[in-house]
Protein chains: 2
Amino acid sequence: MAPSLLTTPSQALALAPGAAASRVGGGGGGSARVSFPSGRVQRRGALGMRVRASVAIEKETPESEPPPTFLREDGSGAGSGSVRERFEAMIRRVQGEVCAALEEADGSGARFVEDVWSRPGGGGGISRVLQDGRVFEKAGVNVSVVYGVMPPDAYRAAKGEAGKNGAAADGPKAGPVPFFAAGISSVLHPKNPFAPTLHFNYRYFETDAPKDAPGAPRQWWFGGGTDLTPSYIIEEDVKHFHSVQKQACDKFDPSFYPRFKKWCDDYFYIKHRNERRGLGGIFFDDLNDYDQEMLLNFATECADSVVPAYIPIIERRKDTPFTEEHKAWQQLRRGRYVEFNLVYDRGTTFGLKTGGRIESILVSLPLTARWQYDHTPEEGTEERKLLDACINPKEWLDL
Amino acid sequence: MAPSLLTTPSQALALAPGAAASRVGGGGGGSARVSFPSGRVQRRGALGMRVRASVAIEKETPESEPPPTFLREDGSGAGSGSVRERFEAMIRRVQGEVCAALEEADGSGARFVEDVWSRPGGGGGISRVLQDGRVFEKAGVNVSVVYGVMPPDAYRAAKGEAGKNGAAADGPKAGPVPFFAAGISSVLHPKNPFAPTLHFNYRYFETDAPKDAPGAPRQWWFGGGTDLTPSYIIEEDVKHFHSVQKQACDKFDPSFYPRFKKWCDDYFYIKHRNERRGLGGIFFDDLNDYDQEMLLNFATECADSVVPAYIPIIERRKDTPFTEEHKAWQQLRRGRYVEFNLVYDRGTTFGLKTGGRIESILVSLPLTARWQYDHTPEEGTEERKLLDACINPKEWLDL
């Protein structure tokens, strides 16, 4: 069953990291955990089947081992040195590196638990979660690969919106459009209120030619970003984080950082609060108006910047002393994180609607959160300073 | 500015208790608290104005005193013995009685804090919140009265759907349709994991004749319900709760309890979990296919049943000893409550979209909640028993 509910390619892209992390299984008893080849990651096996009503996504099969590739062996990707193949290899490499760096920073011996699944028609994913470590309350790092079919209207609408290189003019005739999406998605919630939450997500989307218009050109898009959500502003940390993002951007185009910084501030907006959920970073979506190789390299550079952008901050803040009041404020900000993800985040809301694997989609939610009636921090406090920066996004770097 | 985003009268009804609780003010400093005539309720005054971007709801003016009525003095409601007038009087009386019963059950001397507001074109509301008492973590009881205008398409669609008494045939000509909505809405979250959360909401909705079809008949609807969300099943409590609901229903129509019990199970469904948020109760919406006086009396009976349905359970369970594990499970269930309210609840999602008073809308969220990756209670445990009853709704009474 193909994802018939797709209405824009952005949703399909959003699908990749969240909803696409869908599978059958889990849910009570019978999960076998075996050790990862490196000895670091625990994995759950193919037991405990549970059928979940899915309106849009093909059912998943739990796997005991990650396959060499989730790509179809039809010459359209696997083994061909294609962008699909190189993107999948990149996100799987980055998943391993980020998880290793997080385990080392956690320092407790806590390990990521792994779930692997595939779909009969091609595609699959690997979810890794570390919960209740010494430093991290909850850390999820997921990769997934999805093959699907989108309605022709969605394809045309998307091309019209996103086809800034002129591709919109030569639209295909009506007919379902097969697509491919792959992505890495991660949310990292530390325990210490002075250690910020991090989210990153990089994804690649490609359509095949429609079946009734085999000569039509393929379309492709990149999307993603990395953003920081502290409960307290420690300028050194925020500037370090943004400067690493800017360095990654500047290697490719001087317009990228200011453009994607603003896009990030606009995207992570909790409209009903008139606040951003955090202090931003970079975000881009439906990006195809540059050279494809250049954008692949750019997404790779961004994903490779996660560890140097984040781990030094965690090392500095993971043991900072804090009070109950600091923790309560962090918990209130975690409530905002929940509000953004459940109400606005495209990957999450789309995933919930299409019957994706719920535990993978909602691994982004913090372990604990708080809602206090009409809480407003007083003027002049550190809490108010954070709130003000969420209401009026700041420039953290001298541009 | 009228609620231009309304698409169904159900949304307008949903608007009443949540989104309609919108006002300008609060948000940092300057709120004056004065004592309520009864000496029991604290109130916040008209200071601390803050303009909030609102796409659909006229701005609120904080009031220092609740007015005798929120109805317009145009003969369409106030002082006329109309259903509008009697419904407003009923919900304001019930608000006072429920708050008094909750304060007494809390027994700590904690008092409800009150916010009152009005709108220039008519309507307004009273929010009352008790937070961090001895027994209650968070308890909100809101009433509101809304005057608005709905698009003609929404009016026609609503009549077609809800006008089971044949009203759908004589639709008005195109033109915006003025409406009136009033409601009481409440969520009560106790601290003890063996004391259940309660939600209730009763609302009345009425359209005026469209301006370009003054002879067209008025339409009206009632909606509401009361439902129980425990973390552990104590059969005595659940049966008591459902039997009070059934008694209220049976005074009017023997078909009401089974019909509205099922409607409740269907409405409070967390689709992405394939679970209900709790153990149900009664729920009905867009109800107009009975005598109007009879439905007014029925809504009154239901609202008057809140105290006898709930307070005896609270008295029995408020001091039950519990462990950290019981509390953690309660917190996980609170997470489900957040998921339902932010993703599915019509009043909440509509309120968030239309710029209502956010603190009144989200007072329904618990003080604290928890999300644990892939947590599934083991077979045979009390936690699993609760989860099973949320997945497969039970009949609690011998019908």
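In this text, all values refer to a predicted model and were calculated from it rather than measured experimentally. Order of the sequence lines sets the chain letters (A, B, ...), proteins ahead of strands, with each chain counted from 1.
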**Message:** I'd like to check L362(A) versus R273(B) (side-chain heavy atoms, cut-off strictly below 4.5 Å). Are they in contact?
**Reply:**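 The answer is yes, as the side chains (C-beta and beyond) meet within the 4.5 Å cut-off.
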**Asked** What is the distance from atom CD1 of I358(B) to atom CG of D374(A), rounded to the nearest 0.5 Å?
**Response**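 Here the interatomic distance stands at 11.0 Å.
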**Fill in**
Value for OG1 (T368(B)) from CZ (R334(A)), rounded to nearest 0.5 Å, stands at 14.0 Å
**Prompt:** Would you say the side-chain atoms of Y373(B) and D115(A) include a donor-acceptor pair closer than 3.5 Å?
**Reply:** yes
Over all atoms of both residues, closest heavy-atom pair of [X] and [Y]:
X: K353(A); Y: K271(B); result: O-NZ, 4.4 Å
X: A369(B); Y: W371(A); result: CB-CZ3, 4.2 Å
X: Q372(B); Y: K138(A); result: N-NZ, 4.3 Å

**Message:** Heavy-atom pairs under 4.5 Å with chain A: which of L365(B), V129(B), L367(B) has the most?
**Reply:**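 Ranked by contacts with chain A, first place is L367(B).
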**Prompt:** Listed by residue number, which members of residues 335-344 of chain B have a heavy atom under 4.5 Å from any heavy atom of chain A?
**Reply:** V338(B), E339(B), L342(B), V343(B)
**Asked** Which is it for E137(A) and R370(B) under the salt bridge (charged side-chain N to carboxylate O under 4.0 Å, His left out) test, yes or no, and what are the steps along the way?
**Response** CA-CA 11 Å; E137(A) 178 179 292; R370(B) 181 179 178 90; over 6 Å; no
